[in-house]
There are 2 protein chains.
Amino acid sequence: MSDKNIPLEDEQLAEMCKALGHPARIQILKHLLDEDRCICGRIVEIMPLAQSTVSQHLKLLKDAGLVQGEVEGPKTCYCVNREMLARLGLTINSLIPHTP
Amino acid sequence: MSDKNIPLEDEQLAEMCKALGHPARIQILKHLLDEDRCICGRIVEIMPLAQSTVSQHLKLLKDAGLVQGEVEGPKTCYCVNREMLARLGLTINSLIPHTP
DNA sequence: CTACTTAATCGTTGATCGACGATAGGCGAT
DNA sequence: ATCGCCTATCGTCGATCAACGATTAAGTAG
């Protein structure tokens, strides 16, 4: 419910798009969707990037609202905010007039 | 028709998102959608940016495949590639599983 | 041909990004 | 309390971005 279905403001739209504007972050997002939820270290294993770099990318995605991270002891478990992602898709589609 | 409905590759998706990852370019895109087609100078009038800056933004959008520009005498007329924009929205939506 | 309009390109500057290694902090286990 | 693991943050460096003014290129009108 809530504002799940209202389009994003330009600023927020831009921020989310910017967050997706890097191949590594798209891959990270896809992995997160595949595994449903997973730990930073797991992504580091899979991507050819340093831990600090992956952590940065995750922070960016989190700041944009596309993923959420919850601390579980010494680890941090990330998962995609599907609602936001859906809202992003919706917003882009709603830009086009006459879209059935 | 053709590949209108197949999702974008990660690289292309990232490039398009990057192109939309700036408020000015979102505004430009929206204006282009509103006016259907318009000239660079028209956008310069409306945006608080220098002509060279607007031209740069348009080039970025064009390189990403989101807008098309055709030369009309001394002017260049831009319009949104709605098919691509739709495909972008579709691609983002298709990321999410169980999306009705 | 000249003068004007329009847009793209060049060159510059400061800011931000993307990547890394190194460091620091939090938590669990020993 | 200490050790080890996991992650976030810091500092750095080169590359790219965003913005501008100035210049160039291409057409049109006179």
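By convention in this document, chain letters (A, B, ...) are assigned in the order of the sequence lines, proteins followed by strands, and residues within each chain are numbered from 1.
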Pick base, sugar-phosphate or nothing for A/T76, based on heavy-atom distances below 4.0 Å to the nucleic acid.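 Sugar-phosphate, no base atom in range.
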Looking at every strand, decide which applies to A/L58 at a 4.0 Å heavy-atom threshold: base, sugar-phosphate, or nothing.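 Nothing, no heavy atom under 4.0 Å.
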Hey, what do you get for [atom1] ([X]) to [atom2] ([Y]), rounding to the nearest 0.5 Å?
{"X": "B/I28", "Y": "B/L20", "atom1": "CD1", "atom2": "CG", "value": "11.0 Å"}
{"X": "B/L95", "Y": "A/L85", "atom1": "CG", "atom2": "CG", "value": "5.5 Å"}
{"X": "B/Q68", "Y": "B/L32", "atom1": "CD", "atom2": "CG", "value": "10.5 Å"}

Hey, which sits more toward the 5' end of DNA chain C by its nearest nucleotide, A/S52 or A/G73?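 So the residue in question is A/S52.
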Of residues 17-47 of chain B, the positions that come close to DNA chain D - non-hydrogen atoms, cut-off under 4.0 Å: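 Heavy-atom contacts with DNA chain D come from B/K18, B/H22, B/R25.
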Which pair of heavy atoms, one from [X] and one from [Y], lies closest together, and at what distance?
{"X": "B/M84", "Y": "B/G65", "result": "CG-O, 3.3 Å"}
{"X": "A/P7", "Y": "A/T91", "result": "CA-OG1, 3.5 Å"}
{"X": "B/L8", "Y": "B/L88", "result": "CD1-CA, 3.9 Å"}

For the pair made of [atom1] in [X] and [atom2] in [N], what is the distance, rounded to whole Å?
{"X": "B/E15", "N": "D/dC17", "atom1": "CD", "atom2": "P", "value": "10 Å"}
{"X": "B/D63", "N": "D/dT16", "atom1": "CG", "atom2": "P", "value": "15 Å"}
{"X": "A/K59", "N": "C/dG18", "atom1": "NZ", "atom2": "P", "value": "14 Å"}
{"X": "B/Y78", "N": "C/dA7", "atom1": "OH", "atom2": "P", "value": "8 Å"}
{"X": "B/Q51", "N": "D/dG21", "atom1": "CD", "atom2": "C1'", "value": "11 Å"}
{"X": "B/E72", "N": "D/dA25", "atom1": "CD", "atom2": "C1'", "value": "18 Å"}
{"X": "A/K62", "N": "D/dT7", "atom1": "NZ", "atom2": "C1'", "value": "11 Å"}

Contact under 4.0 Å: B/S55 side-chain N or O vs C/dA8 OP1/OP2: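 B/S55 to C/dA8 OP1/OP2: side-chain N or O found under 4.0 Å.
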So, OP1 or OP2 of C/dC17: does either fall under 4.0 Å of a side-chain N or O from A/H57?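 For C/dC17, OP1/OP2 do not have a side-chain N/O of A/H57 under 4.0 Å.
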Select one nucleotide: of [options], the one nearest the side-chain heavy atoms of [X].
{"X": "B/P74", "options": "D/dG27, C/dT9, C/dA19", "answer": "D/dG27"}
{"X": "B/K75", "options": "C/dT9, C/dA7, C/dC20", "answer": "C/dA7"}
{"X": "A/T53", "options": "D/dC20, C/dA19, C/dG18", "answer": "C/dA19"}

Worked check of side chain to side chain contact (heavy atoms under 4.5 Å, CB included) between B/H57 and B/T53: CA-CA 6 Å; B/H57 283 312; B/T53 307; 3.9 Å; yes
Hey, is the side chain of B/Q56 pairing donor to acceptor with the base of C/dA8 inside 3.5 Å?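 Flag unset: no donor-acceptor pair detected.
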